[in-house]
Every structure is written in C-alpha cells, then in structure tokens.
2 protein chains.
Amino acid sequence: MGIADVASMAGVSHATVSRVMNGNTTVDADIAARVRAAASELKYKPNPVGRSLALGKTDTIGIVVPDLSNPTFQAILRGLSIAAARDGYRVLIADSSEVSSEEAILAGEARRRCDGVVLCAPRMSDADLEELAPTLYPLVLINRTTESVPTPSLVVDYGQGIQELAAHLVELGHRKLAYLTGPDRSASNVQRLRGLEKFTAEFPDVELQFIPGGNTFDAGFESSDAVAACGATGILVFNDVAAMGLLSGLSERGIRVPEDLSLTGFDDMPFARYTMPPLTTAAVPISDLGDLAWRRMREQIQTNDAASPTNYFPPRIELRGSTGPVKA
Amino acid sequence: MGIADVASMAGVSHATVSRVMNGNTTVDADIAARVRAAASELKYKPNPVGRSLALGKTDTIGIVVPDLSNPTFQAILRGLSIAAARDGYRVLIADSSEVSSEEAILAGEARRRCDGVVLCAPRMSDADLEELAPTLYPLVLINRTTESVPTPSLVVDYGQGIQELAAHLVELGHRKLAYLTGPDRSASNVQRLRGLEKFTAEFPDVELQFIPGGNTFDAGFESSDAVAACGATGILVFNDVAAMGLLSGLSERGIRVPEDLSLTGFDDMPFARYTMPPLTTAAVPISDLGDLAWRRMREQIQTNDAASPTNYFPPRIELRGSTGPVKA
DNA sequence: CTGAAAGCGCTAACAT
DNA sequence: ATGTTAGCGCTTTCAG
C-alpha cells in the first residue's frame with residue numbers, strides 16, 4: 001500500500017500519483033479521477049517519512065520544556081499545539097525533567113527531527129544558550145533572550161509584575177515585605193529580583209527581605225515557619241503553586257490571610273482564584289504565549305528570516321482576597 | 001553535512017560511516033577512529049528522517065488526547081513522555097479539542113508518523129473505535145476497550161470508585177444522594193453510571209437522583225442552584241474540577257460543606273487536597289497509567305504481539321474534609 | 001500531459 | 001573488513 005500500488009492499480013506512474021495527491025492541476029481530469037479512485041480504494045495515504053525526506057521538512061515542531069507537570073508549560077504546550085495544528089503542523093515534546101544539561105541535547109535532537117524548536121530552558125546558562133541558539137534555527141525562545149544571534153523571544157515581564165504586586169502591598173499600608181524566592185538558577189526568579197531592586201530604589205523606606213523558597217507546593221509549605229517568623233506583613237511569593245503551599249502551611253499554624261499576613265502569588269493559575277482566600281496574583285497570558293510562539297515560528301519557516309523583536313508580556317495584576325490592609 | 005561529507009573527509013564510504021555511527025564492531029579500529037574524528041569535527045549527527053525511512057521506524061509514538069487542558073491527560077502525557085524517553089522514544093501530541101470526529105483522523109495521521117499510538121478517545125462511539133483500532137496497531141487504549149481486536153487497554157475502574165464514594169456517604173448517614181453527571185457521551189461517565197446502578201441495587205433504601213453537570217469548573221459552579229434545591233445531602237460530582245466549581249458556587253450561596261452538604265470529587269487532582277475544605281475524592285494513579293501505557297506499547301513494538309490483557313486500575317478513596325456526617 | 005530517472009540521507013545485503 | 005549497490009517512499013526535474 002505504497003504509492004506504487006496506487007500507480008499500478010490506476011495504470012499510471014508513481015509520478016502521476018504524486019502529482020494528483022499534491023493537487024497538481026496539470027494532470028488530466030480523467031486520469032486524476034482514476035488515481036483518486038484507486039487511492040481511496042486502497043485507502044492510500046502518503047507516507048509522511050518518505051515525504052519528509054524528499055521535501056526536507058517534517059511539518060513538525062519540537063518544544064523543549066523543563067517540566068511537563070508545571071502548569072505554565074502545560075499551557076504553553078497546549079496553546080502551541082492548537083495553533084500549530086491549525087496550520088497542519090504537529091508538536092513533538094521533549095521534557096528535560098529540570099535537568100539543565102539535558103536541555104541542549106534534547107533541543108538539538110528535536111531540531112533534527114523537526115522544522116523548528118520552541119525552547120523553554122529557564123535553567124540553562126546564558127553562555128550555553130548563546131552557543132546553542134544558532135544551531136537551532138528556526139528557534140523561538142520563551143522567557144529568555146540572546147545577544148549574539150537575533151532570535152524571536154517571548155518573555156513575560158516578571159520584574160514589572162512583581163514590582164506592581166509590591167507596590168500594591170505598599171498601598172495597603174505594608175512597610176515590611178518579604179520575597180519568598182524561586183529556584184536559584186531560574187531566569188524568571190532573577191527577573192523578579194531585578195524588579196524588586198527597582199522597587200526598593202523607588203520605595204527606600206520599605207523594608208524588603210528575602211527568604212529562600214522554591215517553585216513547588218511543598219517548598220511553599222515548608223517555608224511557613226520562616227515566613228511566620230520574619231516579621232514581614234506582606235509576602236511576595238515566587239509563584240502561585242508555592243503561594244498555595246504557603247497558604248496551606250500558614251493556615252495549619254493558625255495564621256490568618258489576609259488578616260495577619262498578606263500574600264501574593266504569580267502566574268494566575270486556573271485554581272488561583274479558588275483558593276481560600278483567593279490569591280492576589282499577576283496573570284500571565286500563557287495560552288497567548290503558546291499561540292504567539294507558533295506565529296513567530298511560522299514567520300521564520302515561511303520567510304526564512306529570524307528578524308523578529310522580543311515580545312514582552314506585561315502581567316495583569318489580579319487583586320483578590322489574599323491581600324488586605326496591614327494590621328493596625 | 002550529511003553522511004557523505006563525513007565519508008569523504010575520513011576517506012571511506014558512506015557504508016563505513018554508517019557502520020561506525022551504529023556501533024558495528026566489525027570496523028577496523030583505526031578507521032573507526034578516523035570516522036569518529038571526522039564526524040565530531042563536522043558535528044555530524046545522522047539525519048533521523050533518512051534513518052527512519054531506511055529502518056521503517058521513527059522512534060516516536062503518538063498520543064491522541066481530547067483536551068490538553070485536562071489534568072488527567074496532562075498527567076498521562078507526562079508519564080508517557082518520561083517513560084518513553086528512557087527508552088529513547090519521543091512523543092508526538094495530537095489534541096482533538098474534544099471534537100470526536102477529529103479523533104479518528106488524528107489517530108490515523110499520528111500512526112503514519114509514529115511507531116504506535118496511545119489513544120484517549122472518551123467520546124468516540126464504540127463502533128468507530130472497533131473499526132479504527134485494527135488500523136492503528138500497535139495501539140494502547142486508555143479508558144476504552146475493544147471487542148473484535150485484542151488491544152492492550154488501561155482502564156480506570158470509575159464504576160468501582162464511585163460506588164465506594166457513595167458507600168462512604170451512606171456510612172456517614174446520608175440517605176439522599178445526587179450524582180452531578182459528566183458529559184453525556186463520556187465513556188467514563190457511563191462507567192460511573194453503571195457503578196451507581198450497582199450501588200442502588202445494593203442499597204435500595206438510599207435515594208439517588210441525577211443532576212446534569214459537566215466536566216468543567218463552570219459546569220460545577222452553574223449547577224449550584226440545582227444541587228442546593230434537590231434535597232440531597234450527599235453529592236457525588238463527576239470529577240474534581242467540577243466539584244471545585246460546585247464548592248465555589250455553594251460557598252457563594254452560603255451553603256456550608258460539609259456541614260450542610262457533603263461533596264465528593266473524582267481524580268484526586270494535585271489541588272484537590274488544598275481546596276477549602278479539602279476534597280474527598282477517588283485517586284486515580286494517572287502517572288502510573290502513562291508509564292504503563294509506554295510499557296504496553298514497548299511490548300507490542302518489541303514482540304510484535306498485541307495479546308495483552310486489559311489492566312484495571314482501582315481508584316483509592318481519599319477521605320478528606322468535604323464529606324461529613326449528615327445533618328441531624 | 002505523462003513517464004523515466006535522479007535524489008532526499010540513511011541502512012543493509014551482497015560482493016570483494 | 002570495506003566498498004558497491006539497492007532500496008526505504010516520496011517529489012521533482014527533465015525528456016518527450
């Protein structure tokens with residue numbers, strides 16, 4: 001059931017079958033009909049691998065994610081997959097399981113199997129990224145940028161978001177804040193820290209301390225004691241997941257939110273609005289991100305040109321119940 | 001930078017390069033070294049498409065899911081992807097966006113690009129599934145079974161789980177129960193209904209009514225009034241997501257859980273234990289599912305034999321705060 | 001408008 | 001032990 005069978009059944013050459021299957025209109029109508037009849041009779045569908053080899057393209061793009069259990073990457077994957085599907089492209093996944101040394105290898109492999117790669121590599125060093133990027137073209141970066149090679153980047157402005165959250169706490173009267181940090185080597189954690197530097201420059205009278213945290217529910221949960229002891233009244237947590245963990249830990253210790261402590265998350269995950277109390281957070285338009293990632297990829301595939309600016313996504317602050325006026 | 005370049009640089013034939021790249025030990029050590037030197041000099045990596053065409057395999061498996069935003073399928077995808085990666089296989093995604101007519105087409109396409117397909121098609125009719133299954137071999141089914149063709153199936157015993165949840169409510173003294181249903185055509189909803197039939201047979205004195213619901217947060221939320229009005233004191237909800245929606249809606253209406261109403265979910269999603277109150281639910285070992293799906297797939301790929309039994313996964317009941325004794 | 005033939009990059013049987 | 005050759009399934013020049 002290859003092209004040859006259809007050809008012999010229709011009494012024509014492979015070439016003609018190929019032409020018909022690809023909608024080449026220079027084929028005689030009668031012959032085309034005969035070919036189509038044979039094809040549907042044999043339920044023939046062109047072999048994509050053969051096609052890929054001949055055409056030099058696979059109609060597939062790869063996405064490298066550090067961790068598929070992270071809702072952010074799930075949402076990007078979903079947006080990307082749906083957008084790509086609309087244009088007849090498929091998505092191949094590579095989960096690096098948070099092992100940054102694997103990211104480069106996986107990305108390279110994915111690139112060889114696919115027509116392009118979307119890379120989410122928050123832990124990779126800048127140097128490695130600069131070296132890797134040119135070998136991956138067409139490439140779309142998520143939450144990273146490159147200096148040497150121009151590469152379309154989609155970056156969420158975490159610094160801006162956390163500044164706004166901090167300013168919100170100040171507005172509520174909080175003067176002692178703490179940031180429960182994310183993973184040390186996380187690029188987006190660094191961006192938040194930079195944003196907080198600007199914040200302290202702008203509000204020199206506000207005290208801001210840093211508590212080591214993480215990006216997991218458990219990390220947040222286990223920071224409860226440190227947070228409770230630190231004396232701050234407004235807590236900026238790395239992300240929603242950790243914030244929920246903290247929320248849970250605080251609740252177990254009888255510390256009320258927002259009466260005793262105000263708390264902010266980051267990401268606006270689906271369930272952030274349904275925690276108790278609902279989480280004040282910064283909404284990241286992640287499904288748009290996946291969608292736009294595909295558009296940037298398509299541009300490169302179509303025009304063969306990587307010259308595309310970095311897109312910054314300003315988070316939208318969602319004021320909910322986990323923040324309130326400082327205790328008198 | 002294909003195999004030919006390496007061959008000419010090393011002064012040997014393509015065939016020898018191929019042998020070296022594939023670890024064929026019959027190659028002279030010196031020549032092998034020369035080839036490897038040339039390969040690394042040119043940063044040569046075999047083209048997977050060419051390889052696939054020659055070998056008739058792609059080292060890729062496809063997974064068809066109805067909706068990537070559903071935590072269940074995310075977890076299966078993740079488990080599958082990680083397990084497959086351990087054996088050097090990659091995963092190609094096809095999201096049917098809950099359009100059941102797309103499922104068959106996507107599955108067929110995926111199969112042509114991949115060495116096998118894992119199919120999650122809860123909405124597809126039995127007839128369509130029976131027809132499709134033989135064309136997809138090697139195939140692993142999730143939460144579906146076939147009659148005509150033997151196909152490895154992994155099915156969560158939803159009927160068993162919901163029976164146990166209902167029995168738990170009875171034990172707490174509830175005599176008026178309601179089931180907030182899932183999507184009509186969902187196979188797993190049908191299984192729950194069957195389980196509930198057995199339940200009513202076993203507990204004829206317990207009243208059980210059915211309220212149309214859905215599988216989304218909003219569906220649960222919007223059912224709040226119907227649930228509040230139905231007179232039941234124990235509510236079995238299709239899944240955790242809908243249960244959280246209902247929880248939220250009830251809370252807005254001032255109905256307390258579990259004091260006024262007991263509530264159960266299904267799936268034990270990551271955040272089920274962190275709702276307010278924490279959700280009593282049936283835990284489905286979904287990441288094991290992804291893992292096992294890969295093992296079943298690998299068996300078929302290796303032995304070329306589909307004869308594998310259906311695996312039933314009994315859910316584990318998680319008793320939490322959303323269920324309590326019936327109001328006196 | 002159609003067929004013959006080359007070629008995409010690789011593997012493997014065959015021959016030396 | 002290595003090179004030559006065929007072939008995986010398809011597209012696409014090139015002749016006719």
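Hydrogens, waters and symmetry mates are skipped; everything else that's a heavy atom, side chains included, is used. Everything quoted here is computed from the prediction, not taken from an experiment. A note on names: the letters A, B, ... follow the listed sequences, proteins ahead of strands, and every chain is numbered from 1.
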Protein-nucleotide distance ([X], atom [atom1]; [N], atom [atom2]), rounded to Å:
X: B:Ile31; N: D:dA1; atom1: CD1; atom2: C1'; value: 7 Å
X: B:Lys57; N: D:dG9; atom1: NZ; atom2: C1'; value: 18 Å
X: A:His14; N: C:dA5; atom1: NE2; atom2: P; value: 10 Å
X: B:Arg113; N: D:dC10; atom1: CZ; atom2: P; value: 13 Å
X: B:Asp30; N: D:dA1; atom1: CG; atom2: C1'; value: 12 Å
X: A:Arg19; N: D:dT12; atom1: CZ; atom2: P; value: 10 Å
X: A:Leu53; N: C:dA6; atom1: CG; atom2: P; value: 17 Å
X: A:Tyr44; N: D:dC10; atom1: OH; atom2: P; value: 3 Å

Do [X] and [Y] sit within salt-bridge range, that is, some charged N less than 4.0 Å from a carboxylate O?
X: A:Glu299; Y: A:Arg296; result: yes
X: B:Arg295; Y: B:Asp291; result: yes
X: B:Arg123; Y: B:Glu103; result: no

What's [X] touching, base or sugar-phosphate or nothing? Going by heavy atoms closer than 4.0 Å.
X: B:Gly56; value: nothing
X: B:Thr16; value: sugar-phosphate
X: A:Val49; value: nothing

Closest to side chain of [X], choosing from [options]:
X: A:Arg51; options: D:dG9, D:dT11, D:dG3; answer: D:dT11
X: B:Ile3; options: D:dG3, C:dC1, C:dT11; answer: C:dT11
X: A:Asp28; options: D:dC10, D:dA1, C:dT2; answer: C:dT2

Task: Distance-only donor-acceptor test (3.5 Å): side chain B:Arg112, base D:dG9 - done: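 Between D:dG9 and B:Arg112, which were checked side chain against base, a qualifying N/O pair under 3.5 Å is absent.
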- [ ] Please state whether the phosphate of C:dC8, meaning OP1 or OP2, lies under 4.0 angstrom from any side-chain nitrogen or oxygen of B:Asn47.
- [x]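 Looking at the OP1 and OP2 atoms of C:dC8, neither is under 4.0 Å from any side-chain N or O of B:Asn47.
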Task: Which residue lies more 5' along DNA chain D, comparing B:Ala29 with B:Leu55 via nearest heavy atoms - done: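 Nearer the 5' end of the strand: B:Ala29.
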- [ ] Using a 4.5 Å cut-off on heavy atoms from C-beta on, say whether the side chain of B:Trp294 contacts that of B:Arg86.
- [x] no
- [ ] Return the 5'-most residue of the pair B:Ala54, A:Gly50 with respect to DNA chain C, ranking by each residue's nearest nucleotide.
- [x] A:Gly50
Open item on the list: How long is the straight-line distance from CZ of B:Arg78 back to CG of B:Leu80, given to the nearest 0.5 Å?
Closed with: 12.0 Å
